[in-house]
*Asks:* 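Before I ask anything, let me first share the structure, which is written out below as structure tokens.
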Amino acid sequence: MKIYCINLAKRGDRWDEFQRQSMPGEVVRVEAIDGTTVQVPPAWVTSKNLPAAWGAFLSHIRVLEMGLESGDSHFILAEDDVRCCPSFP
């Protein structure tokens with residue numbers, strides 16, 4: 001099963017930490033979309049929704065598209081700060 005991991009290019013430290021974990025499948029790094037570098041819809045920006053959240057939203061959509069296009073029946077979407085318990089999966 002593929003594990004798509006969202007990771008900002010500037011956060012190599014988090015990618016390194018993620019890779020140190022034992023994962024039950026092929027890990028695919030997906031470069032996160034930095035919300036500060038894309039146009040954020042005005043309706044999105046509130047006190048709770050910041051540009052970083054827009055970038056995260058777009059990154060998650062990207063992974064969902066990749067997973068669906070792969071034809072695999074299952075895949076995991078993870079962010080680079082996820083920590084798996086020893087019994088995972």
Side-chain angles (χ1 to χ4, degrees):
M1 177 180 346
K2 285 185 185 165
I3 302 166
Y4 296 94
C5 178
I6 298 171
N7 171 253
L8 279 168
K10 63 185 176 184
R11 292 305 307 263
D13 58 317
R14 290 173 75 156
W15 174 242
D16 292 342
E17 183 67 26
F18 181 86
Q19 288 186 294
R20 282 194 271 280
Q21 299 182 81
S22 177
M23 293 292 165
E26 174 190 356
V27 175
V28 178
R29 181 186 174 274
V30 178
E31 186 165 335
I33 298 170
D34 185 339
T36 63
T37 65
V38 295
Q39 182 70 35
V40 179
W44 178 268
V45 181
T46 67
S47 61
K48 293 181 182 180
N49 288 327
L50 302 173
W54 180 249
F57 172 76
L58 294 176
S59 299
H60 282 78
I61 296 297
R62 176 186 283 172
V63 170
L64 292 173
E65 290 172 342
M66 291 172 70
L68 291 171
E69 289 172 3
S70 75
D72 295 335
S73 60
H74 297 80
F75 62 90
I76 296 173
L77 182 159
E79 293 191 12
D80 58 9
D81 60 349
V82 71
R83 297 295 169 255
C84 297
C85 63
S87 61
F88 178 76

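Side chains are part of it too, since the values below use all heavy atoms of this structure and drop only hydrogens, waters and symmetry mates. For reference, positions follow the sequence shown, starting with 1.
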*Asks:* Please step through side-chain contact (heavy atoms from CB on, under 4.5 Å) for the pair D34 and K10, ending with a clear verdict.
*Replies:* CA-CA 10 Å; D34 185 339; K10 63 185 176 184; 3.6 Å; yes

*Asks:* Is it the case that the side chain of Q19 and the backbone of V27 share a donor-acceptor pair, with hydrogens and angles ignored and the cut-off at 3.5 Å?
*Replies:* no

*Asks:* Rounded at 0.5 Å granularity, tell me how far CD in E31 sits from OG in S59.
*Replies:*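 So the CD of E31 and the OG of S59 are separated by 9.0 Å.
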
*Asks:* So, taking the atom named CD in E69 and the one named CG in L64, what distance separates them when rounded to the nearest 0.5 Å?
*Replies:* 11.0 Å

*Asks:* Give the C-alpha distance, both sets of side-chain angles, the deciding distance and a yes or no for side-chain contact (heavy atoms from CB on, under 4.5 Å) between I6 and H60.
*Replies:* CA-CA 8 Å; I6 298 171; H60 282 78; 3.9 Å; yes

*Asks:* Closest approach of A78 and F18, non-hydrogen atoms and distance?
*Replies:* CB-CE1, 4.2 Å

*Asks:* Considering non-hydrogen atoms only, spot the tightest contact between C84 and Q21 and give its length.
*Replies:*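 Of all heavy-atom pairs spanning C84 and Q21, the closest is N-OE1, 2.8 Å.
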
*Asks:* Would W15 end up clustered with L8 when hydrophobic side chains under 4.5 Å apart are linked, directly or stepwise?
*Replies:* no

*Asks:* Report the C-alpha separation of D16 and R14 in whole Å, then their side-chain angles, then the decisive distance to 0.1 Å, and conclude whether the salt bridge (Lys or Arg N to Asp or Glu O under 4.0 Å) test is met.
*Replies:* CA-CA 5 Å; D16 292 342; R14 290 173 75 156; over 6 Å; no

*Asks:* With a 4.5 Å heavy-atom cut-off, do V38 and P51 have their side chains touching?
*Replies:* no

*Asks:* Take V40 and F57 through the side-chain contact (heavy atoms from CB on, under 4.5 Å) test and state the conclusion after the steps.
*Replies:* CA-CA 11 Å; V40 179; F57 172 76; over 6 Å; no

*Asks:* Nearest 0.5 Å please: distance from the CD atom of E17 over to the CZ atom of R11.
*Replies:*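 Going from CD on E17 over to CZ on R11, the span is 11.0 Å.
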
*Asks:* Under the salt bridge (Lys or Arg N to Asp or Glu O under 4.0 Å) rule, collect the residues that match up with R62, sequence neighbours excluded.
*Replies:*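 Per chain and number, R62 pairs via salt bridge (Lys or Arg N to Asp or Glu O under 4.0 Å) with no residue.
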
*Asks:* Could you measure the distance from the CZ atom of F75 to the CD atom of E26? Nearest 0.5 Å is fine.
*Replies:*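 Atom-to-atom, F75:CZ and E26:CD are 13.5 Å apart.
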
*Asks:* Minimum heavy-atom separation for L50 to W44, with atom names?
*Replies:* O-NE1, 3.5 Å

*Asks:* What pair of heavy atoms forms the shortest contact from A9 to R29, and how long is it?
*Replies:* CA-NH2, 3.4 Å

